[in-house]
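Scroll down for the structure; my scribbles are underneath it.
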Protein chains: 2
Amino acid sequence: MKRPILLGFAHLLAVLACLATSVPAFAQTDPLPSWNDGPAKQAIVAFVQATTTQGGPQFVPPAERIATFDQDGTLWVEQPMYTQVVYCLDRVPAVVKAKPELATVEPFKTVLSGNREAMAKLTMPDLMKILAATLTGMSVDTFTAEVKRWLAEAKDPRWKKPYTELTYLPMQEVLKYLRASGYKTYIVTGGGQDFVRVYAEQVYGIPPEQVVGTAGGTKFGYDKSGRPFLTKEPKLLLNDDHAGKPEGIHLMIGRRPVAAFGNSIGDKEMLEYTQAGDGARLMMLVHHDDATREYAYGPQSKIGTFPDALMAAAKQRGWTVISMQHDWKRIFAFDQ
Amino acid sequence: MKRPILLGFAHLLAVLACLATSVPAFAQTDPLPSWNDGPAKQAIVAFVQATTTQGGPQFVPPAERIATFDQDGTLWVEQPMYTQVVYCLDRVPAVVKAKPELATVEPFKTVLSGNREAMAKLTMPDLMKILAATLTGMSVDTFTAEVKRWLAEAKDPRWKKPYTELTYLPMQEVLKYLRASGYKTYIVTGGGQDFVRVYAEQVYGIPPEQVVGTAGGTKFGYDKSGRPFLTKEPKLLLNDDHAGKPEGIHLMIGRRPVAAFGNSIGDKEMLEYTQAGDGARLMMLVHHDDATREYAYGPQSKIGTFPDALMAAAKQRGWTVISMQHDWKRIFAFDQ
């Protein structure tokens, strides 16, 4: 009798395995385990359920499921300085090595001095000169290789971790939850499109073609052997911030998002544009109110500005404000 | 005994049905039935097999499977005039109705006259004025609605069919074959991005976010009720032709294509850029040499120019030239 019983048991296991694969994963497990229960988590879950329930009044066809995410301060840390700006400053010695005449010219002289106090006083035109010198003039392939090399070595001074690990675990869960629900997730960042595209797939699971950012022109040409290549030009095509976000979304995606996530005044127009469509909509703002685990900053911040007027707009328009302190159980994957 | 036999038969059918769904469709059926056997068809099939054979030396990971297609003359008819130019000319009466002062101003006066001979003599600056007046100045939503309405009514004078039916069946098969093989198919057109996006999903199965074209800027603003909207501006961001094609591909996709299809000198740089990548590559040019079933045009054509130098380049670089006359069994889905 032993053998038939074993066979029967194996058969039962096989049947159970079949049943298991036919039940949607999210019916059984919490898609947002790093979120505390509260209005923010509830808003996300309710939105996904409403827009993916076939036959429901708020059903959104899969092709139209577009969700856009600001990057700096929404998906990863932006303080005390945008990561891309750190990259540009770090690249200055190499730029000066290639063009020694820049060593005695401002703003390069100040950056080379390493004097943090003097660097903090650099003006916007100074910064633009540094961005132009470190982000343009090279081939696209050379730029990509330089960013990859830097990302592999550079570390954030506070957490002593690679910048690519400073991504918010709760937002990573939202990205995955939306994708598992048929949404295409896009980054819509004021940061450089070419810069973010280097690591977006590895860090966020978002492929280059779904990264919209501030973009400069490129110039097609041939090298000495006749091989074609693209050179990054100091010519601004899209300033992907404020009104530039909906404009960039139209240019690069051509559809209005159904959900949009930001964290600062520069994301306001993207959220307004998202909300102006018909049917269910989800607009969310990450509020940095957690000085202990990350940062607390708001109206007076130099970057990631969250003025009182934005909080008022969020309340008035029914946008959901995510409190880092109260809504997020964990901030980073490396947190205990 | 009758019932058990029936049950046994039903069971056998169920097993056969299960087996059938686990066999790849293309192993059994010709993915390119409208193509004659020949070097062009063989090049496509060999490329797809090489790049999708797991473990093979030319395997391309699914995420990198990008194929780009020129539109006019490659996916649909471009003679005797680009469809979008027909649209712009057809829109002139409505534009003049809204701005009656244009009725006596060139080039609008000539277009209103309906004098084909005079219209054929319009210069490029004249045409630019017409494009600006009919493609910009309105909201994105209004423009989309106008194009949809026009497409539903307008007919090509030769075939007496809607323009959206003048798409080449063999190329539709290539699009579907590539998609079934894990490729993302993109349109990369010199035509207007916003124009082509209106119908690309319906006509080619290509969603708006996979249409790259000549693009103007938009301007974000609010209507009287405070609802945000985008206005199409007469400001060129991307001239998606010649060198603008690889530049546009980098801007909008951020990856180098593995396969590229064109039909004119304006597609040369896109094919060169595609070929310059590593591994298996497919570069193809549609040659319009079929005056009976479509058109025959080449070096002397005003549009879709295929100079002898392009044919020489194709031969030298190993690009495959598709002969409409010899490679295509059928041109249109409505052909018998």
Side-chain angles (χ1 to χ4, degrees), chain A residues 62-64 66 140-141 144 184 186 193-194 196-198 200-201 207-213 215-223 225-233 236-238 242-256 268-277 317, chain B residues 63-64 66 140-141 144 184 186 193-194 196-198 200-201 205 207-213 215-223 225-233 236-238 242-256 268-277 317:
Chain A
E64 291 168 24
I66 303 283
V140 163
D141 291 344
T144 301
K184 254 190 184 174
Y186 281 82
Q193 183 168 277
D194 283 346
V196 179
R197 279 175 170 175
V198 174
E201 188 136 40
E209 61 268 29
Q210 286 166 224
V211 174
V212 178
T218 56
K219 195 172 162 55
F220 180 85
Y222 304 89
D223 68 14
S225 70
R227 192 173 183 272
F229 71 103
L230 295 169
T231 303
K232 285 172 68 61
E233 297 271 282
L236 187 67
L237 286 185
L238 172 65
H242 293 279
K245 291 210 172 190
E247 291 163 8
I249 288 169
H250 177 69
L251 175 68
M252 311 281 285
I253 311 176
R255 296 191 203 255
R256 190 193 301 268
K268 181 171 158 275
E269 289 85 350
M270 174 168 76
L271 268 63
E272 288 173 338
Y273 181 62
T274 300
Q275 187 167 31
R317 288 158 208 205
Chain B
E64 291 168 25
I66 303 283
V140 164
D141 291 345
T144 302
K184 255 191 183 174
Y186 280 82
Q193 183 168 277
D194 283 345
V196 179
R197 280 176 171 176
V198 174
E201 186 136 42
E209 61 268 28
Q210 284 165 227
V211 174
V212 178
T218 56
K219 194 171 164 57
F220 179 85
Y222 304 89
D223 68 13
S225 70
R227 193 174 182 271
F229 71 102
L230 294 168
T231 303
K232 285 173 66 64
E233 297 272 283
L236 188 66
L237 287 186
L238 172 66
H242 294 279
K245 290 210 173 193
E247 291 162 6
I249 287 168
H250 177 69
L251 176 68
M252 312 282 284
I253 310 176
R255 297 191 202 256
R256 191 192 300 269
K268 180 171 159 274
E269 289 84 353
M270 175 168 75
L271 269 63
E272 289 173 337
Y273 181 63
T274 300
Q275 187 166 30
R317 287 158 209 207

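In what follows, every chain begins at residue 1, and chains take the letters A, B, ... in the order their sequences are listed.
Between atom CD of residue B:Glu233 and atom CD of residue A:Glu247 there is a gap of 8.0 Å, rounded to the nearest 0.5 Å. Atom CG of A:Leu230 and atom CD1 of B:Ile249 lie 9.0 Å apart (nearest 0.5 Å). A distance of 9.0 Å separates CZ of A:Arg197 from CD1 of B:Ile253, quoted to the nearest 0.5 Å.
For the pair A:Gln193 (side chain) and B:Leu251 (backbone), a donor-acceptor distance under 3.5 Å is present.
Here the rule is side-chain contact (heavy atoms from CB on, under 4.5 Å) with B:Pro228, and of A:Met270, A:Gln275, A:Glu272, A:Glu269 only A:Glu272 fits it.
Between chain B and the options A:Ala276, A:Gly216, A:Pro207, A:Gly217, heavy-atom pairs under 4.5 Å are most frequent for A:Ala276. Residue with the most contacts toward chain B among A:Tyr222, A:Phe220, A:Tyr273, A:Tyr186: A:Phe220 (heavy-atom pairs, distance under 4.5 Å). Counting heavy-atom pairs closer than 4.5 Å to chain A, the top residue among B:His242, B:Lys219, B:Lys245 is B:Lys219. When each of A:Gly226, A:Pro246, A:Ala215 is checked for heavy-atom pairs under 4.5 Å with chain B, A:Pro246 comes out on top.
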Quick one: do A:Arg256 and B:Asp141 satisfy side-chain contact (heavy atoms from CB on, under 4.5 Å)? Show the steps, please.
CA-CA 11 Å; A:Arg256 190 193 301 268; B:Asp141 291 345; 3.9 Å; yes

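In this structure, A:Lys184 pairs ionically with B:Glu209, as a charged nitrogen and a carboxylate oxygen lie closer than 4.0 Å.
Heavy-atom distances place the side chain of B:Val140, and not its backbone, under 4.5 Å from chain A. At a 4.5 Å heavy-atom cutoff, A:Phe229 makes no contact with chain B through either its backbone or its side chain.
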